[in-house]
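Just so it is clear: chains get the letters A, B, ... in the order the sequence lines come, proteins before strands, and each one is counted from 1. In this text, all values refer to a predicted model and were calculated from it rather than measured experimentally.
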2 protein chains.
Amino acid sequence: MTHGVDTDRNAAVGRMTRAGGGLRGLRPTAKVLPEHARSHNRSLVLQQLYRTEGLSRADIARSTGLTRVTISDLVGELIGEGLITELGQREDARPGKPATLLALNVHAFHLIGMDLSDKVAFHAARFDLGGTIIERISAPRGTAVGEDALELVYALVERLLRDETSPILGIGVGSPGVVDGEGRIRTAPNLGWHDLPLRDLLAERFELPVTVANDANAAVLAEHTFGSQDAASDLILIQIGAGVGAGLIVDGAPVSGSRSAAGEIGHVVVGTDGGPRCACGKDGCVEAWVAAGRLAEQLEQAADPAAAEALLAAAGERLGIALAPVVGVLNLSEIVLSGPTTLLEGPFADAVLETIRQRTISDIHAELTLRMTALGQDIVLRGAAVLVLSGQLGVS
Amino acid sequence: MTHGVDTDRNAAVGRMTRAGGGLRGLRPTAKVLPEHARSHNRSLVLQQLYRTEGLSRADIARSTGLTRVTISDLVGELIGEGLITELGQREDARPGKPATLLALNVHAFHLIGMDLSDKVAFHAARFDLGGTIIERISAPRGTAVGEDALELVYALVERLLRDETSPILGIGVGSPGVVDGEGRIRTAPNLGWHDLPLRDLLAERFELPVTVANDANAAVLAEHTFGSQDAASDLILIQIGAGVGAGLIVDGAPVSGSRSAAGEIGHVVVGTDGGPRCACGKDGCVEAWVAAGRLAEQLEQAADPAAAEALLAAAGERLGIALAPVVGVLNLSEIVLSGPTTLLEGPFADAVLETIRQRTISDIHAELTLRMTALGQDIVLRGAAVLVLSGQLGVS
DNA sequence: GTTAATTTGTTCGTAAGCTTTACTAACAAA
DNA sequence: TTTGTTAGTAAAGCTTACGAACAAATTAAC
């Protein structure tokens, strides 16, 4: 096998596109060829270096179970494509030939992530392969919907593509609404999009691999990848803003649902005692109880800090009531909240967790944790980057 | 190898498809070798013939995407092992060499399934590879717990093994309680089992591949495999008996949960208006509302049929309230009820579905269906068989 | 009634992928 | 200087799937 000759990066991208993602998400009816095994193992190497910089070929061989020979071959290929670089020799004083340390070359490619979930503006960024934001831009949305909104998206991508420091690996998009497995926006009322094949439109226009997902799904992917140290493989992320949405990872894989509409918790009725009227017409929806706008409004009218706390705790309790069956049935290990920290941190979050504990078998869920996301406003944006990284390199 | 099937190879397939579901973080994704691809493709062939009897090699090649050459090779191997037989030539009148039809040889191997979920007796059966019960036996449990209960299990297997019509492919067990990924019974209070490595005990004693799973999980697998025609890939099965349990399939894969305790819906509190006191100490648990015993009891006291119906509908509503958030978040497409038909069919089931519709966005869940299982009392037993079929042959 | 077209399943040679075995290089410790 | 260890490479071999080519069996066409 000859490597190190492939200097054409576009060709390399082409190969990676085919390689994408390894065996995950494989439908039981799909054949598997030896080359799929190869690309899976290739992703394995990248994954190791994505997590830990400065591993030797032998280190990777040990941790993957593949032989040093095979790893050498894969690493050679990846170095040839520019994805991996040799850092030099390990400094340790120990017997044997010193190891040559390797690292992901995070600037071999860049990638584009977009967040279309903000009502005020579309956000986009150029990332390196490590998931670090290199350049960030926004475009105020105004009242743009339909075709106009689409043009805004195109314009953002074009602006980011203009600065050609590194070839672009792909584009990831986190969009509100229902997004199917083919990256088509089934329906996004706020954007006036219905059955819009966004993935294919972008892919054709920019001749790049594109992945489109629901914003809450993108967010939970970001949380899964960048969030906590020991990434939980069963977690739910609750996004609280104008609406309330959820993204879910079960057994390490994002859940999209039978009609690509998973995560719809905002309009689930909670409790058996009515509740505030919701925009959807029902009484007592989760969204009617805990949407950020309503919470802020109520807080303003609160007589004193104690009353404010009670209000937040009551709202948190409602979310807890809705989540308890989900936590019980899925045996989730982690709940992450995303939204205005001032509203959610403290009494609200405490009440959510406490309510879930009270309403399930607390022993079983003793290890259940609840925390605020550490990714702040960028959560969807970074999730969009994860879409590309995991889709094109099998890394996350 | 005592029988003709390369179990190592199939175990490899299991590892591949479940990769990443185990120890989070510590174990990334397992390596994949060409031979794993081979065993995957092998399962693909079996799967085709499992679903449809009388396909030719060329048919299978077309539907899998593999070439006729490869399929011929795989089929040759499977015929060599006795798993597949040639039926003869296709009778159609069409040009070309007539096709040789193939079928799964369902008696090439038998397998053993066990249902330990019945409080009164343990049930076991010998199945053929098509999932048909060949022989069925039971052992009254009496008050047996702990070691005694284990001995009962051993005795049942021994009785089934005595009749050596076909070699045994493996043993599948559906057990109550919490069962981890290694087939260890973490805790099954009714059986007095704690941290019992049931899988390994059986495997060592009988020198056969063994798979152990939670009873509700086994049941939902049975439903997924044998239940409806167009197997939904996102469904929940609710078992209502002395207790209330749930088994869940998301994206075509069974869900075990972060601590192997998924499906625990029985002791989730439902509603915000109290409710009957539950054995667990809380008020208003699902189980306290809808356990079969309570329903039957209430029905006896009902003044007239209309009152009885109202009682059942009220109970169904409670289950619906608990399920609504789960359906909303996971976007499930199918709910299946298992339990006493006389209690669950009719007003109860209707109320469950109606309540869920009222408490979620009904458009999104327009295709949601709810039905009784068609598998009756044998559901866990047959699920145990599926455990073996899917674990050893990759078929389901 | 003969020839052409079509479909099935096999044989043979090849490319890809990983492993085993065997080697060189480079180092620490005694 | 010797011994033992570790890193990485090279060569050979096995497995897996593929493409090309072909024989067999049958229908369709003339």
Pair B/Ser56, B/Asp59: side-chain N/O donor-acceptor within cut-off below 3.5 Å: yes
Interatomic distance, B/His40 NE2 vs D/dA17 C1' [rounded to whole Å]: 14 Å
Of the nucleotides C/dG17, D/dT26, C/dC18, which one has an atom closest to the side chain of B/Pro98? D/dT26
Give a yes/no answer on whether the side chain of A/Arg62 brings an N or O atom under 4.0 Å of OP1 or OP2 in D/dA7. yes
Distance below 4.0 Å between B/Thr67 side-chain N/O and D/dA17 OP1 or OP2: no
Rounded to whole Å, please give me the gap between CD1 in B/Ile79 and P in C/dG9. 10 Å
Under 3.5 Å donor-acceptor, B/Thr211 side chain and B/Val388 backbone: no
From CD of B/Glu91 over to P of C/dT7, roughly how many Å is that when rounded to an integer? 19 Å
Taking any heavy-atom pair under 4.0 Å as a contact, classify A/Thr70: base, sugar-phosphate, or nothing. base
Pairing donors with acceptors under 3.5 angstrom, does anything connect the side chains of A/Gln48 and A/Ser63? yes
If each of B/Ser56 and A/Gly65 is mapped to the nucleotide of DNA chain C with the nearest heavy atom, which maps nearer the 5' terminus, i.e. the 5' end? B/Ser56
Using only atom types and a distance under 3.5 Å, with no angle test, would you say the side chain of A/Thr225 pairs donor to acceptor with the backbone of A/Ala222? no
In whole Å, I'd like the distance from the CG atom of B/Leu74 to the C1' atom of D/dA17. 9 Å
For atom CG of A/Leu102 and atom P of D/dA7, their distance in whole Å: 12 Å
Which nucleotide sits closest to the side chain of B/Thr100: C/dT19, C/dG9, D/dA7? C/dG9
Of all the choices, C/dA26, C/dG17, C/dT8, which nucleotide is nearest to the side chain of B/Ala99 once you look at every atom? C/dT8
Is there a side-chain contact between A/Leu102 and A/Glu86 (heavy atoms, below 4.5 Å)? yes
In whole Å, I'd like the distance from the CG atom of B/Leu101 to the P atom of C/dT8. 11 Å
Measure all distances between protein nitrogen or oxygen atoms and nitrogen or oxygen atoms of nucleotides 10-13 of chain C, and list the pairs falling under 3.5 Å.
unit_1, atom_1, unit_2, atom_2, d
C/dT10, OP2, B/Ser72, OG, 2.4

Does OP1 or OP2 of C/dC18 have a side-chain N or O of A/Arg38 closer than 4.0 Å? yes
Let me spell it out: for each of B/Ile71 and A/Ala58, pick the nucleotide of DNA chain D with the closest heavy atom. Which residue's pick is nearer the 5' end? A/Ala58
Could you work out which one of C/dC27, D/dA17, C/dC18 sits closest to the side chain of A/Pro34? D/dA17
Can any side-chain N or O of A/His224 pair as donor or acceptor with the backbone N or O of A/Ala232 at less than 3.5 Å? yes
Tell me the interatomic distance from A/Ile60, atom CD1, to D/dA7, atom P, rounded to whole angstroms. 12 Å
Does B/Gln89 have a side-chain nitrogen or oxygen under 4.0 Å from the phosphate oxygens OP1 or OP2 of C/dT8? no
Please test B/Arg42 against B/Glu35 for salt bridge (Lys or Arg N to Asp or Glu O under 4.0 Å), starting from the C-alpha separation and ending with a verdict. CA-CA 10 Å; B/Arg42 205 181 107 103; B/Glu35 67 202 79; over 6 Å; no
Of D/dA7, C/dC18, D/dC18, the nucleotide closest to the side chain of A/Asn41 is C/dC18
